[in-house]
Undergrad: 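Let me begin by handing over the structure; questions about it come next.
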Amino acid sequence: MNEDLLDSTEVDQFGLATAALLRHGSKSLPAGIKDRLYAARLKALSVQKPEKIRAQQHVLANSTGNWFSGPRSLWDNFSWVAPLVVLVFGLIGIAQWQQESRINDIAELDAALLTDDVPPDAYADSGFMGFLKNGPLADSDKDGLDSSKAPS
C-alpha cells in the first residue's frame with residue numbers, strides 16, 4: 001500500500017513538471033481565454049482561506065497536578081497576584097472607612113450629650129427615661145403636634 005504513495009521529492013518534481021506543461025500550453029491559447037483564466041485565478045486566490053499554522057507546544061503536568069506549558073514570562077507568573085493585591089487593599093480601605101465612620105458617630109453622640117442641658121447621669125436613671133416617655137413634656141409635645149396639624 002505504501003508503494004503507491006509518492007515521497008516529497010517526487011511530489012515536488014510532479015508539481016514542477018505540471019506547471020511547466022501548463023505554462024507552455026497557455027502560450028498557444030487565444031487572448032480571450034487567457035484573460036478569463038487569469039480572472040478565474042484571481043477570483044480563486046481571493047476566496048482562498050488563509051492557511052492555519054499550528055504551533056506545537058509541549059504540555060506537562062507537575063507533581064501538584066497543575067498543567068505547565070514550558071517557560072512562562074514574568075507577567076504570566078504575576079497575573080493572578082494583581083487582582084489579589086487590589087482585593088486586599090480594597091478590604092483594608094473599607095475596614096478603615098468603617099472604623100472612622102464609627103468614631104465620628106461616637107464623637108457626635110458624645111458632643112450631643114455634653115452640650116445638652118440634662119446631665120449624662122440622668123440618661124442612666126431608668127426613672128428619668130420613664131419620665132421622658134410619659135411625663136408632662138411628652139403630653140405637651142403631642143398637643144403641640146396636634147394643634148399644628150389642625151386646619152386653620
Side-chain angles (χ1 to χ4, degrees), residues 1-20 22-23 35-152:
M1 185 170 178
N2 288 338
E3 299 167 1
D4 296 338
L5 298 177
L6 301 175
D7 64 354
S8 63
T9 51
E10 291 175 339
V11 169
D12 289 341
Q13 288 174 354
F14 176 76
L16 291 173
T18 305
L22 289 173
R23 205 173 303 112
D35 291 340
R36 288 194 327 223
L37 285 174
Y38 180 74
R41 185 178 195 298
L42 290 178
K43 184 178 179 184
L45 289 173
S46 69
V47 297
Q48 179 184 10
K49 293 180 182 178
E51 195 173 308
K52 293 183 181 179
I53 299 172
R54 295 183 183 216
Q56 191 172 17
Q57 185 177 16
H58 299 286
V59 178
L60 304 172
N62 61 13
S63 62
T64 61
N66 296 328
W67 291 98
F68 176 75
S69 59
R72 299 178 71 174
S73 71
L74 181 66
W75 292 112
D76 290 340
N77 289 332
F78 291 113
S79 64
W80 62 273
V81 175
L84 185 64
V85 168
V86 169
L87 177 68
V88 168
F89 281 120
L91 291 175
I92 289 171
I94 290 170
Q96 287 180 348
W97 174 72
Q98 285 181 342
Q99 186 175 3
E100 285 181 25
S101 177
R102 275 189 238 116
I103 290 172
N104 287 338
D105 290 344
I106 292 171
E108 286 179 20
L109 181 64
D110 286 346
L113 282 174
L114 293 174
T115 58
D116 196 10
D117 292 336
V118 179
D121 293 338
Y123 291 104
D125 185 14
S126 61
F128 181 70
M129 294 305 286
F131 172 75
L132 287 177
K133 288 181 185 175
N134 301 326
L137 292 177
D139 292 338
S140 66
D141 286 343
K142 288 180 184 175
D143 294 337
L145 289 175
D146 291 339
S147 63
S148 68
K149 289 184 181 176
S152 19

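These numbers were taken from a predicted model, which means no experiment stands behind them.
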Undergrad: Going by the side-chain contact (heavy atoms from CB on, under 4.5 Å) test, name the single residue among D12, V11, D7 that passes it with T9.
TA: D7

Undergrad: Would you check if D105 and L109 make a side-chain contact, meaning some heavy-atom pair closer than 4.5 Å?
TA: no

Undergrad: Nearest 0.5 Å, please: how far is CD1 in I106 from CD in E108?
TA: 11.0 Å

Undergrad: For the CD atom on Q99, are there more than 12 heavy atoms of other groups (residues, nucleotides or ligands in this structure) within a distance under 6.0 Å?
TA: no

Undergrad: Sub-3.5 Å donor-acceptor pair from the side chain of S101 to the main-chain atoms of W97, do we have one?
TA: no

